[in-house]
Amino acid sequence: MPELAELKLTAQFINENAGNLKFTNIEKNPVHKGAEVISPFKKFKITSKSRGKELVLYLHDAESSDVLPIRMTMGMSGHFRMTNTGGEDKHAHLKFYNTDGTVLSFVDVRRFGKWKQGFEWSDNRGPDPTVEYDEFVENIKSNLHKIAFDKPIMEALMNQQYFNGIGNYLRAEILYRLPHVNPFISARDAIQQEPKILELCKAIPDLAFMLGGGRIKSWENPLGEMAATPETRRDLFQCYNRKGMSTIKDRNGRRFWFDPKWNSERILN
DNA sequence: CGTCCACGTCTAC
DNA sequence: TAGACCTGGACGG
């Protein structure tokens, strides 16, 4: 479930499903290399917030106002599910057991997701473009002289220090909606020439959120019927994974999807 | 069977 | 700037 909109939907899913329950213990799947998560509380409830591509779980002590944060990222395949005890997924790696017989699980087939008990947001990731839009814009404008913005805009959009939450499908959809912006020119030039890029860094994730997420695989689907239908997905995915579009591998080995009209411009350096 | 591919970071030459 | 980290689905022989 893993770009900005999916992280936001994940936090919402947790708040709707775990905020009133009483959790008692936490289990880590031994196959996962991550640290054990130890609850200092006998009973607790769980709430969550997302910011870009990070998510924080908050364990709230049932007996006091104490709160324990757990910083998480979802990797390529991480998501949360509620199941009954005994029905946990094979790839559930963190399991929060409830007194009512249900379990909140962090399910992550590829195990690229991570967690760190006792921490909230990383300081090397920028503001969330959807809920901290002014800070997001300021962070970019005041750093536009830096070398990160020498890179082509299609690559800079993946830099989480400035574009926290933008991933491979969002960069494609953002740039595709600016038909006059050459995705291979420097990020600095692109942003100065077309400040609307920054607005789309909010608008496209907002659209994805509204449609229930841009999820690509059905097994990453904790949202059930809320998830986008094939028809509404077409509003979101006009470029990424679409027949007729061009692709190129960027310097990070990620496939960038773009309008074929830019093919003559695609010189990386 | 085998090879390629996937919504993301990380760290090590 | 390669690879490493992982599983599994799609597709080819």
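Letters go in sequence order (proteins before strands), and every chain restarts at 1.
- Comparing the same atom, C1', in B:dT9 and in C:dG9 gives a spacing of 23 Å after rounding to whole Å.
- When rounded to the nearest whole Å, the span between NZ of A:K8 and P of B:dC7 equals 22 Å.
- Under a hydrophobic clustering in which Ile, Leu, Val, Met, Phe, Trp and Tyr are joined whenever their side-chain heavy atoms come within less than 4.5 Å, directly or via other members, A:V137 and A:I191 fall into the same cluster.
- Nucleotide B:dA6 holds its C1' atom 17 Å from the CZ atom of A:R111, rounded to whole Å.
- Close to C:dT7, at under 4.0 Å from its OP1 or OP2, lies no side-chain N or O of A:K90.
- Taking the C1' atoms as reference points, B:dC7 lies 23 Å from C:dT1, given to the whole Å.
- Spacing between C:dC6 and B:dC1 at atom P, rounded to whole Å, works out to 23 Å.
- A:K146 forms no cation-pi arrangement with A:F149, by the criterion of a distance under 6.0 Å to the ring centre and an angle within 45° of the ring axis.
- For B:dG8, neither phosphate oxygen OP1 nor OP2 lies less than 4.0 angstrom from any side-chain nitrogen or oxygen of A:Q160.
- In this entry the distance linking CG of A:N159 with C1' of B:dC10 reads 14 Å, nearest Å.
- The pair A:K202-A:D206 counts as a salt bridge, with a side-chain nitrogen and a carboxylate oxygen less than 4.0 angstrom apart.
- Between C:dG8 and A:H91, a contact under 4.0 Å exists linking OP1 or OP2 to a side-chain N or O.
- Of all nucleotides listed (B:dT9, B:dC7, C:dC5), C:dC5 comes nearest to the side chain of A:K33.
- Remark: P of B:dT9 and CE of A:M158 are 8 Å apart, rounded to the nearest angstrom.
- One interatomic measurement links the two molecules: CZ of A:R255 to P of B:dC4, which rounds to 12 Å at whole-angstrom precision.
- One atom, CD1 of A:I174, and another, P of B:dC7, lie 15 Å apart when rounded to the nearest Å.
- The partner of B:dA6 is C:dT7, by the rule that a Watson-Crick or G-U pair needs both atom distances under 3.5 Å.
- When heavy atoms are screened at a 4.0 angstrom cut-off, A:R171 is found touching no nucleic acid atom at all.
- Between the side chain of A:R110 and the base of C:dC6 there is at least one donor-acceptor pair of N/O atoms closer than 3.5 Å.
- When all heavy atoms are compared, the tightest approach of A:R177 to A:Q238 is NH2-NE2, 3.2 Å.
- One can place NE2 of A:H79 at 16 Å from C1' of B:dG8, the figure rounded to the nearest angstrom.
- The distance between atom CG of A:N164 and atom C1' of B:dT9, rounded to the nearest whole Å, is 12 Å.
- Between B:dT9 and A:K53, a contact under 4.0 Å exists linking OP1 or OP2 to a side-chain N or O.
- Of the side-chain N and O atoms in A:K114, none sit less than 4.0 angstrom from OP1 or OP2 of C:dC5.
- For A:N252, the listed nucleotide lying nearest its side chain is B:dT9; candidates were B:dT9, B:dC5, B:dG8.
- Within the 4.0 Å cut-off from OP1 or OP2 of B:dC5, not a single side-chain nitrogen or oxygen of A:R254 is found.
- Ring-base stacking between A:F112 and B:dT9 is not satisfied when judged by a centre separation under 5.5 Å and a plane angle under 30°.
- Counting heavy atoms from C-beta on, the side chains of A:L57 and A:I14 come closer than 4.5 Å.
- A distance of about 22 Å separates the P atoms of B:dC10 and C:dG8, rounded to the whole Å.
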Taking only distance into account, with no hydrogens and no angle test, what donor-acceptor pairs under 3.5 Å do side-chain atoms of residues 192-200 of chain A form with protein atoms, sequence neighbours excluded?
| residue | atom | partner | partner atom | Å |
| --- | --- | --- | --- | --- |
| A:E194 | OE1 | A:K196 | N | 3.0 |
| A:E194 | OE2 | A:H180 | NE2 | 2.9 |

